[in-house]
Amino acid sequence: VPYGGSACPAYRRSGACRQGDECPFAHGVFECWLSPNRYRTQMCTDATTCTRRVCFFAHSESELRRPAMPEQDTSWLAQQTQAELLTGTTHPV
């Protein structure tokens, strides 16, 4: 089942989802940002000085992509992801 970049309400609430792989929503930060609707659709705050092994954000205009389809406001997710990547901590989305 393809999933969108929107966070699963059940997973976000409890860290678990009964639907598992059949759920149309993303479970966790990695699934949210690896969705074609999100991956490299925003600029990295570190731009060309980024040293992350995995970064979900674009580092130049040529890497910047348009989302596959419009979604809800996810600015909170970008802020949470940047903070988690800097501190090395993760929380259920």
Side-chain angles (χ1 to χ4, degrees):
V1 171
Y3 68 91
S6 297
C8 172
Y11 189 87
R12 194 164 176 219
R13 205 172 25 257
S14 66
C17 173
R18 293 182 193 191
Q19 295 184 60
D21 290 341
E22 297 301 312
C23 183
F25 297 103
H27 299 135
V29 171
F30 278 90
E31 283 189 16
C32 283
W33 282 105
L34 289 175
S35 163
N37 293 328
R38 296 250 167 67
Y39 185 69
R40 296 209 169 158
T41 58
Q42 297 177 26
M43 293 299 291
C44 177
T45 57
D46 295 326
T48 57
T49 61
C50 179
T51 59
R52 292 180 197 93
R53 286 183 51 213
V54 176
C55 186
F56 308 118
F57 303 96
H59 300 97
S60 67
E61 290 293 324
S62 64
E63 288 184 351
L64 195 59
R65 301 174 54 252
R66 286 191 176 271
M69 54 194 236
E71 293 204 22
Q72 311 165 355
D73 174 33
T74 57
S75 56
W76 64 271
L77 185 58
Q79 292 168 356
Q80 176 181 326
T81 302
Q82 288 285 347
E84 289 172 357
L85 289 171
L86 290 172
T87 64
T89 60
T90 58
H91 304 288
V93 173

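These numbers come from the heavy atoms of this one structure, side chains and all, not from hydrogens, waters or symmetry mates. What you see is a predicted model; the values in this text were computed from it and never measured.
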With sequence neighbours left out, the residues meeting side-chain contact (heavy atoms from CB on, under 4.5 Å) with Thr51 are none
Can you list the steps and then say if Met43 with Leu64 is a side-chain contact (heavy atoms from CB on, under 4.5 Å)?
CA-CA 7 Å; Met43 293 299 291; Leu64 195 59; 4.1 Å; yes
Between the OG1 atom in Thr45 and the NE2 atom in His59, the distance rounded to the nearest 0.5 Å is 8.5 Å
Would you say the side-chain atoms of Thr49 pair up with the backbone N or O of Asp46, donor to acceptor, closer than 3.5 Å?
yes
How far does SG of Cys32 sit from CZ of Phe25, to the nearest 0.5 angstrom?
11.0 Å
With distance as the sole test, does Arg65 use its side chain to make a donor-acceptor pair with the main-chain N or O of Pro36 at under 3.5 Å?
yes
Can the ring centroids of Phe56 and Phe30 be said to lie less than 6.0 angstrom from one another?
yes
Report the distance from atom CH2 of Trp33 to atom SG of Cys55, rounding to the nearest 0.5 Å.
10.0 Å
Might you work through the side-chain contact (heavy atoms from CB on, under 4.5 Å) test for Tyr39 and Phe57, ending with a clear yes or no?
CA-CA 7 Å; Tyr39 185 69; Phe57 303 96; over 6 Å; no
Hey, mind stepping through Cys8 and Glu31 against side-chain contact (heavy atoms from CB on, under 4.5 Å) and telling me if it holds?
CA-CA 10 Å; Cys8 172; Glu31 283 189 16; over 6 Å; no
All heavy atoms of Gly20 vs all of His27, minimum pair found to be O-CE1, 3.3 Å
Value for CZ (Arg40) from CG (Leu34), rounded to nearest 0.5 Å, stands at 10.5 Å
